[in-house]
Amino acid sequence: MKLIITMLVLTMIYGTAITVSASGNDDPNSLLDSVLGRYVSKDGLVHYKGLKEDKDFMRYIEYLSTTDPDKLPTDKHRMAFWINAYNAFVLKGVLEEYPIKSVLGVGWLPHSFFKRKEFVSKQGKITLQKIENEKLREAFREPRIHFAINCASMSCPKLITEAYRADKLEQQLETQAISFINNKSRNYLDKENEVLSLSSIFKWYEGDFVKNNEKIEAYIARYLNPDDAEFIRNNKATIRCLDYNWGLNEQK
């Protein structure tokens, strides 16, 4: 009898150890995949009410706060880390203020949500502005980052339903560039009037996209559908900047 009880106890302990170990060794990218898959629609809208109580999301936030990206093996790993961190911290920031209609309604100063709201990282407290400007833009000089980070607003490039990963980062950034530039609610070409209407992102960060005195049209044409790209290259279109919709990217 004692032997049976002992075996049962050992089995329970062993089983618990497996559960804890498995939980502790979860791949963070897979964890984020599952969260985004549950609460983000294909068009990038977020079910914030459901996300607010999600334990997996909080586990991912804990991963971000306890991982030193400088110790990751490559630049691609570090870039993917900070893109995911930006997007996850934006979600966390919205949840902390929820319900809100726009991130611009947070704080007294303009864009306080990005400049003043702080999040915990292994490198100390950090703002979204610092992640975007120092950890991403300055560190990697990769303009397609702007199509990957999401500011919880309707005019932003959409939030995708998977984590960014080092081994597929090039593909993900290219896909996002094509998707955003060809999304007519963000950018569109009026051939009849020869007007190219562009997201404000291309105005705010023009220096990230334009190199060696190149015009912004040349960058856009790389990702446009072939017909529109040919038109842009062969005609002098007037550039117009679209108003930015800061309404919250929430599922209705």
Check this for me: K203, atom NZ, are more than 12 non-hydrogen atoms of other residues, nucleotides or ligands nearer than 6.0 Å? no

Does the pair E62/K55 count as a salt bridge with the N-to-O cut at 4.0 Å? no

To the nearest 0.5 Å, atom CZ of F114 lies from atom CD1 of I131 at 11.5 Å

Between H77 and W82, is the ring centroid distance below 6.0 Å? no

Do you see a donor-acceptor pair shorter than 3.5 Å between the side chains of N84 and N87? no

Give a yes or no on whether a salt bridge exists between E214 and R222, defined as a side-chain N under 4.0 angstrom from a carboxylate O. yes

So with a 6.0 Å cut-off around NZ of K49, is the heavy-atom count from everything else above 12? no

Should Y223 and R144 count as side-chain neighbours, where that means a heavy-atom distance under 4.5 Å? yes

Is there a side-chain contact between F209 and I216 (heavy atoms, below 4.5 Å)? yes

If you define the side chain from C-beta out and look only at heavy atoms, does anything of R240 sit under 4.5 Å from L196? no

Residue that, paired with S155, satisfies side chain to side chain contact (heavy atoms under 4.5 Å, CB included) out of N245, D243, L242, N249: N245

Sequence neighbours excluded, which residues qualify as side chain to side chain contact (heavy atoms under 4.5 Å, CB included) partners of A148? I83, Y164, L173

Under 6.0 Å between ring centres, would you say that holds for F81 and F89? no

Report yes if some heavy atom in the side chain of E96 is under 4.5 Å from a heavy atom in the side chain of V106; otherwise report no. no

Exam field: side chain Q172 to backbone A163, donor-acceptor pair closer than 3.5 Å: yes

Hey, are the side chains of P143 and Y219 touching, using non-hydrogen atoms and a 4.5 Å cut-off? yes

Test of ring centre spacing under 6.0 Å for Y63 and Y60: yes

Tell me, with the steps shown, if V103 and S153 meet side-chain contact (heavy atoms from CB on, under 4.5 Å). CA-CA 8 Å; V103 293; S153 303; 3.9 Å; yes

Quick one: pull up CG in D33 and CG in D27 and give me the separation to the nearest 0.5 Å. 8.0 Å

Any side-chain heavy atom of D56 within less than 4.5 Å of one from R38? yes

Kindly indicate, with the supporting measurements, whether the criterion side-chain contact (heavy atoms from CB on, under 4.5 Å) is fulfilled by S65 and K122. CA-CA 5 Å; S65 67; K122 187 69 173 177; over 6 Å; no

Just so I know, are the side chains of E142 and L136 near enough to count as touching, which here means a heavy-atom distance under 4.5 Å? no

Is a side-chain N or O of N29 found less than 3.5 angstrom from the main chain of R165, in a donor-acceptor match? no

To the nearest 0.5 Å, what is the distance between CG (L198) and CD1 (I220)? 5.0 Å

Any side-chain heavy atom of P157 within less than 4.5 Å of one from H146? no

CD/E230: more than 12 non-hydrogen atoms of other groups inside 6.0 Å: no

OH/Y86 to CG/L91 distance, rounded to the nearest 0.5 angstrom? 11.0 Å

